[in-house]
Amino acid sequence: MNQFDKNISSHASTSTQSARQVAVTVITNILLQQGSLSTQLARHQMDVASEHAPMLKELCFGVCRQYPRLNSIALHLLAHPFEEKDTDLYAVLLLGLYQLTYMNTPDHAAVNETVEACRILKKDWATKLMNAVLRRYQREADDIVEILEAQPSVEFNMPKWLVKRFNKHWPEHLEKIIEASNTHPPMCIRVNESLVSRETYNEQLLDLGINAENGEFSDSALYLRNAVRVGELPGFDDGYVSVQDEAAQLSAHILSPKDGEKILDACAAPGGKTGHLLEKANSAGLSSMELTAVELEPWRMEKIESNLTRLGYSAQLICADASDLDAWWDGEHFDKILLDVPCTATGVIRRNPDIKINRKPADIDDLVIIQREILKQVWTTLNQGGFLLYATCSLMPEENEQQIQHFLANQADASEVPLNSLAPSFATEWGIPVSYGRQLFPHEDGHDGFYYCLLQKKT
Ligand SMILES: C[S@@+](CC[C@H](N)C(=O)[O-])C[C@H]1O[C@@H](n2cnc3c(N)ncnc32)[C@H](O)[C@@H]1O
């Protein structure tokens with residue numbers, strides 16, 4: 001158990017109840033595929049008192065992170081799985097098992113709260129069953145886990161199909177991928193170098209007792225030794241710093257904005273990379289770089305707006321399907337394009353552990369088709385001689401090198417160019433080279449899994 005778990009558990013007796021009830025709603029909705037963990041938490045965070053929010057987060061992230069194990073245990077304990085209409089009871093059971101296995105909650109309290117949760121759901125008929133199941137788990141936990149350890153999903157705490165895919169594509173990296181995907185991710189921040197240098201900002205952090213280390217690959221990245229609330233970061237509200245993984249920070253360094261350029265960020269929300277591009281331009285003193293950000297989802301568009309407002313920048317924001325050029329493109333070509341497509345997010349499972357519950361093998365094929373169409377259409381909007389940076393936070397070659405291979409085979413005016421073509425002094429020896437572009441794997445104390453490939457339109 002890490003320090004965070006212990007802190008949470010120390011106030012468990014006062015905060016558990018309401019946080020637990022809301023956690024049941026969040027987990028039920030995730031199991032019913034009614035939204036991701038982040039959207040569900042954003043929607044329901046207000047349902048608990050603010051001092052209970054960390055507990056809610058810990059329960060929801062914890063159940064998702066440990067889902068493959070908890071699910072196998074629950075199915076082993078139940079004579080018959082719950083019907084779909086009783087998915088809320090299944091969420092109650094998963095939460096109970098999570099508390100018993102991973103938290104300091106006293107066993108009797110975890111069992112009582114689980115039983116009480118059935119009553120709150122007005123499903124009193126399930127109280128006896130829930131009590132019996134958890135009591136059996138208390139007695140037989142070691143034996144049950146030993147039996148289930150033979151299952152890859154339990155051994156690796158990852159859905160079996162994902163373990164198979166990782167093993168097929170990256171056998172030499174399997175252990176590290178699994179290890180990094182199962183941990184709490186480090187908190188990485190991006191210093192706004194147009195306002196303050198990384199060294200000066202690090203000194204300011206140190207003055208506040210916040211220890212941080214430089215990122216190795218992005219010279220704007222700092223890893224905090226212990227996560228803090230953003231409000232504790234000096235100058236956060238004034239745009240001095242943003243929370244962004246180091247691998248994600250590489251895109252602005254690769255694209256290296258120049259004066260007079262017209263740049264498109266084609267799948268932009270929540271605007272992390274949009275903001276970084278604007279920061280880069282500002283720190284280079286560029287006065288006439290123009291940035292257009294396109295995003296499909298209106299509610300995610302709002303996130304770009306609030307991020308840019310905090311940073312004090314503006315861009316042309318368009319809410320549209322990037323692959324539907326008639327809907328948004330005025331016919332003016334772009335010099336550079338960042339195409340950070342929607343993907344399986346298999347490089348960032350530790351930040352989105354609900355992927356372990358909801359992601360299915362068929363999603364890869366569906367996303368490959370969507371990515372292919374966006375890439376094909378957006379390419380039209382690129383100037384001759386212009387550059388397009390294709391990016392995903394996926395570890396699936398189908399979405400990455402194979403996607404680019406297919407594109408190059410069908411697009412005669414496209415060619416791959418080195419990732420430092422636009423910034424020759426920028427070192428790009430991160431991750432590993434693959435047939436096209438570079439693949440980064442998630443690192444336990446370092447960057448997330450990512451993929452980059454830089455393309456140029458022939459003149
Ligand atoms: C990987 S995220 C982008 C992250 C963003 N670049 C950042 O750094 O903050 C992909 C985004 O593409 C959006 N999206 C999905 N399909 C799209 C489409 N057809 N056109 C435009 N945006 C799309 C999603 O809503 C999502 O916000």
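One-based numbering along the sequence shown. Both backbone and side-chain heavy atoms feed into the values below; hydrogens, waters and symmetry mates do not. Order of listing sets the numbers, starting from 1, for every ligand and every atom in it.
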Specify the protein heavy atom at minimum distance from [atom]: its residue, its atom name, and the distance to 0.1 Å.
atom: atom 8 (O) of ligand 1; result: Lys273 NZ, 2.9 Å
atom: atom 12 (O) of ligand 1; result: Cys267 CB, 3.2 Å
atom: atom 13 (C) of ligand 1; result: Glu295 OE1, 3.2 Å
atom: atom 14 (N) of ligand 1; result: Leu296 CB, 4.0 Å
atom: atom 6 (N) of ligand 1; result: Asp340 OD2, 2.8 Å
atom: atom 9 (O) of ligand 1; result: Gly272 N, 2.9 Å

Going by the atom numbers of ligand 1, which of them fall below 4.0 Å from some non-hydrogen atom of [X]?
X: Ala268; answer: 5 (C), 6 (N), 7 (C), 9 (O)
X: Glu297; answer: 25 (O)
X: Ala322; answer: 18 (C), 19 (N), 20 (N), 21 (C)

Using side-chain hydrogen bond (donor to acceptor under 3.5 Å, both in side chains) as the criterion, point out the one residue from Gln439, Gln405, His169, Arg438 that pairs with Asn400.
Gln439

[X] to ligand 1, any heavy atom closer than 4.0 Å:
X: Ala266; value: yes
X: Ala320; value: yes
X: Ala248; value: no
X: Val341; value: yes

Verdict with supporting geometry, Gln371 and Glu399, side-chain contact (heavy atoms from CB on, under 4.5 Å):
CA-CA 8 Å; Gln371 295 156 356; Glu399 301 176 86; 2.9 Å; yes

Does any N/O atom on Gln244 come nearer than 3.5 Å to any N/O atom on ligand 1?
no

Quick one: are Val196 and Val191 in side-chain contact, heavy atoms under 4.5 Å?
yes

Which label fits Trp430 and Phe426: parallel for a plane angle under 30°, tilted from 30 to 60°, or perpendicular past 60°?
tilted

Of the listed options Pro342, Ala269, Ala391, closest to atom 2 (S) of ligand 1 (non-hydrogen atoms):
Ala269

